[in-house]
Amino acid sequence: MAEVIQIKDIARYAGQEVTVRGWVYNKTGKGRLQFILLRDGSGQAQCVAFKREMDAEAFEIARGLSQESSVVITGEVRADERAPGIPGGFEIGIRDLQVLQQAQDYPITPKEHGTEFLMNHRHLWVRSSRQWAILRIRATIIKAMRDWLDDQGFLLVDTPIITPAAGEETTTLFEVDYFGDPAFLAQTGQLYNEANIMAFGKVYCFGPTFRAEKSKTRRHLIEFWMLEPEIAFCSLEELMDIEEGLVTHVAAQVLEKHSQELAIIERDVNKLRAITAPFARISYDDAVERLQGLAEATDDPEAKAELAIAWGEDFGSPQETALAEQFDKPVFVYHYPTAVKAFYMTPVAGRPEVCRSVDLLAPEGYGEIIGGSERIHELDLLEQNIDKMGLGREAYQWYLELRKFGTVPHAGFGIGIERTVAWICGLNHVRETIPYARLLNRKYP
RNA sequence: UCCGUAGUAGCUCAAUUGGCAGAGCAAUCGGCUGUUAACCGAUCGGUUCUUGGUUCAAGUCCAAGCUACGGAGCCA
């Protein structure tokens, strides 16, 4: 029995006999010569069945293999620049093979398919090279974020998914029955993070969040993953430094570890190489002026209407895009109007109509990937805001109590994993960034 | 929720003015010693999204509904 290897390591075994185990990704044949492209999860390798080098029965089995059949193949590794694969350049001359299961009528062929068909077969689509590459990059992005934060002295502190009250908006919560009492799936771990920083200084939570928004766009999921750092004794400017450090590290790690995957998805790596510190930092006031300037400059009445904005309004999707297009890397927009932001954001001293908030807008039309702010740390002000929004103090008792026992200035942000992956990978929809997307009209498979 | 577009073979699509429902791929069988979405020959493959209507005749026209896709709002 030859050594079982992973295809990603194939180059190390040139000249040796090995065993690989996997699935038939594609097959082309030419009579007595059959080429089987085998994938094993780590990569893809061309396995060559040549009638004269095998016994007749084994050759017939190889010739009859169907797409996605599971198979164990033993043979000699040899370098051949004609051989396709991941990494490619090496192939296996089949000596023997064993079929675990002969697949029949695998639906995803190497031709074009529509979105609905592919999403209905997501459990199989994840096997395709492109999806394989994207999901591997997703894993690296998450690891890069966590590694960077851990190295900076942050502690991972998990926050609950079933919660008693709203984080922000009550209308977009998923309600669950908690032994007869209503409870809600978490929209954010932020409020708990604010408790946890008083114990650990710098923390982050990472997990799924749930929003029952009836939004149907390329940037929205009903269930998405978010990483939320929170830092005690932190200003908005320091927060931007942290966000910048995190995002540039992610881009660098993906470039370093995934040239192969980036090539598979045909991502322009120059766009990723541009993601270096510092990012431009502009105020909301400045952003509005820029948009008004753009609206004035254009002759297209439709574009003019899309860009039109009055001070005090939040940015729409086309406006975010137009704003971000002025930069070749992410851009910070800070000091948004207090009225369009959440109740816990600190007002700017001497200018309460704007607050100490900051969004990070990604380039290439990917929009907001991070939202963050300095949190209100004075009890009175926080109580006033909760009353003003009609949220009800009872539900926030514990949160308000944090302001009574050694409250300190603090700040934090949330970064959406799927939006980040879509941007880094250059995808046109977040549905491909998560293995099993939950969308407005889809919870299958 | 609103606006727009679409739904025909397993998949991707075609079907002229309302006049016999078709192609490529996949599958199956055969051929081929270097294929890269191979190629060549053959075979198989249909409730034209649903319901109702107009008509001698509906994939095509009308009405309602369903589903998907694209966009908006909301957001990360």
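Convention: sequence-line order gives letters A, B, ...; per-chain numbering from 1. Everything numeric in this text was worked out from a predicted model, so none of it was measured.
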request  = Among A:Lys202, A:Glu374, A:Glu194, A:His377, find the residue that satisfies the side-chain hydrogen bond (donor to acceptor under 3.5 Å, both in side chains) test when tested with A:His410.
outcome  = A:Glu194
ask   = Given the C1' atoms of B:C13 and B:C56, what is the spacing between them in whole Å?
value = 32 Å
query = Under 4.0 angstrom, heavy atoms only, what part of the nucleic acid is A:Tyr106 near: base, sugar-phosphate, or nothing?
reply = nothing
remark   = Side-chain atoms of A:Arg211 come closest, of B:U35, B:C75, B:G73, to B:C75
query = Looking only at N and O atoms, is any donor in the side chain of A:His113 or the base of B:C11 less than 3.5 Å from an acceptor on the other one?
reply = no
request  = For A:Met226 and for A:Leu439, find the nucleotide of RNA chain B with the closest heavy atom, then tell me which residue's nucleotide is more 5'.
outcome  = A:Leu439
key: Whole-Å distance separating the CG atom of A:Asp359 from the P atom of B:A76   = 7 Å
ask   = When we call it a touch if two heavy atoms are under 4.0 Å apart, what does A:Glu81 touch: a base, just sugar-phosphate, or nothing?
value = nothing
Show me the donor-acceptor pairs within less than 3.5 Å that the side chains of residues 91-104 of chain A make with the rest of the protein, sequence neighbours left out.
from: A:Glu91; atom 1: OE1; to: A:Gln46; atom 2: NE2; distance (Å): 3.1
from: A:Glu91; atom 1: OE2; to: A:Arg78; atom 2: NE; distance (Å): 3.0
from: A:Glu91; atom 1: OE2; to: A:Arg78; atom 2: NH2; distance (Å): 3.3
from: A:Arg95; atom 1: NE; to: A:Glu17; atom 2: OE1; distance (Å): 2.9
from: A:Arg95; atom 1: NE; to: A:Glu17; atom 2: OE2; distance (Å): 3.1
from: A:Arg95; atom 1: NH2; to: A:Glu17; atom 2: OE2; distance (Å): 2.9
from: A:Gln102; atom 1: NE2; to: A:Gly64; atom 2: O; distance (Å): 2.7
from: A:Gln102; atom 1: NE2; to: A:Ser66; atom 2: OG; distance (Å): 3.3

query = Around atom NZ of A:Lys214, are there more than 12 heavy atoms of other residues, nucleotides or ligands at under 6.0 Å?
reply = no
Measure all distances between protein nitrogen or oxygen atoms and nitrogen or oxygen atoms of nucleotides 43-50 of chain B, and list the pairs falling under 3.5 Å.
none

key: Residue A:Phe117, side-chain heavy atoms: nucleotide from B:G70, B:U33, B:C11 that is nearest   = B:C11
message = I'd like the P distance from B:U17 over to B:C62, given in whole Å.
response = 15 Å
ask   = When you check the side-chain N and O atoms of A:Thr298 and A:Asp300, is any donor under 3.5 Å from an acceptor?
value = no
ask   = In whole Å, what separates the C1' atom of B:A21 from that of B:A14?
value = 10 Å
request  = Choose from B:U35, B:U33, B:A76 the nucleotide whose nearest atom is closest to any side-chain atom of A:Phe224.
outcome  = B:A76
task = For A:Arg442, report the nucleic acid contact type (base, sugar-phosphate, nothing); a contact means any heavy atom under 4.0 Å.
result = nothing
inquiry  = If I take atom CD in residue A:Glu213 and atom P in nucleotide B:G73, what distance separates them, rounded to the nearest angstrom?
reply    = 13 Å
key: Nucleic acid contacts - residues 53-65 of chain A versus RNA chain B, non-hydrogen atoms under 4.0 Å   = none
key: Closest listed nucleotide, where the reference is the side chain of A:Ser317 and the choices are B:C75, B:U33, B:A72   = B:A72
ask   = For residues A:Thr74 and A:Thr19, is any side-chain donor paired with an opposing acceptor at under 3.5 Å?
value = yes
message = Say we look at B:U12 and B:G7: how far apart would their C1' atoms be, to the nearest angstrom?
response = 14 Å
query = Is the ring centre of A:Trp311 less than 6.0 Å from the ring centre of A:Tyr284?
reply = yes
inquiry  = Which label fits A:Phe315 and A:Tyr336: parallel for a plane angle under 30°, tilted from 30 to 60°, or perpendicular past 60°?
reply    = perpendicular
Show each protein N/O and nucleotides 1-9 of chain B N/O combination with a separation under 3.5 Å, one pair to a line.
from: B:U1; atom 1: O4; to: A:Lys214; atom 2: O; distance (Å): 3.4

note = Atom CD of A:Glu223 and atom P of B:A76 are separated, to the nearest Å, by 17 Å
Nucleotide B:A72, atom P - distance to CG of A:Asp314 in whole Å = 15 Å
note = Rounded to the nearest 0.5 angstrom, the CG-CZ distance for A:Asp40 and A:Arg21 is 9.5 Å
remark   = When rounded to whole Å, the CG to C1' distance for the pair A:Asn428 and B:C69 reads 12 Å
Protein-nucleotide distance (A:Ile94, atom CD1; B:U35, atom C1'), rounded to Å = 13 Å
ask   = Less than 6.0 Å separating the ring centroids of A:Tyr396 and A:Tyr344?
value = no
request  = Taking atom types as modelled, find out whether A:Tyr204 and A:Asp150 have a side-chain donor-acceptor pair closer than 3.5 angstrom.
outcome  = yes
request  = Indicate yes or no for a side-chain donor-acceptor contact from A:Glu223 to the backbone of A:Arg211 under 3.5 Å, with no hydrogens or angles considered.
outcome  = no
query = How far, in whole Å, is B:A63 from B:G24 if one measures between their C1' atoms?
reply = 36 Å
Euclidean distance, atom CD of residue A:Glu368 to atom C1' of B:G73 [Å, nearest integer] = 15 Å
task = Map A:Gln34 and A:Ile415 onto RNA chain B by nearest heavy atom, then report which one ends up closer to the 5' terminus.
result = A:Gln34
P atoms of B:A42 and B:G4, separation to the nearest Å = 48 Å
Identify the pairs formed between an N or O of the protein and an N or O of nucleotides 27-29 of chain B at a distance under 3.5 Å, and give each distance.
none

request  = Classify the side-chain pair A:Thr433/A:His429 by whether it contains a donor and acceptor separated by less than 3.5 Å.
outcome  = no
Between A:Tyr366 and A:Arg219: side-chain donor-acceptor atoms closer than 3.5 Å = no
Extract from the structure each pairing of a protein N or O with an N or O of nucleotides 36-40 of chain B at less than 3.5 Å, listing the distance.
from: B:U36; atom 1: N3; to: A:Arg82; atom 2: O; distance (Å): 3.1
from: B:A37; atom 1: N3; to: A:Lys111; atom 2: NZ; distance (Å): 3.0
from: B:A38; atom 1: OP2; to: A:Asn26; atom 2: ND2; distance (Å): 3.1
from: B:A38; atom 1: N7; to: A:Gly29; atom 2: O; distance (Å): 3.2
from: B:A38; atom 1: N6; to: A:Gly29; atom 2: O; distance (Å): 2.9

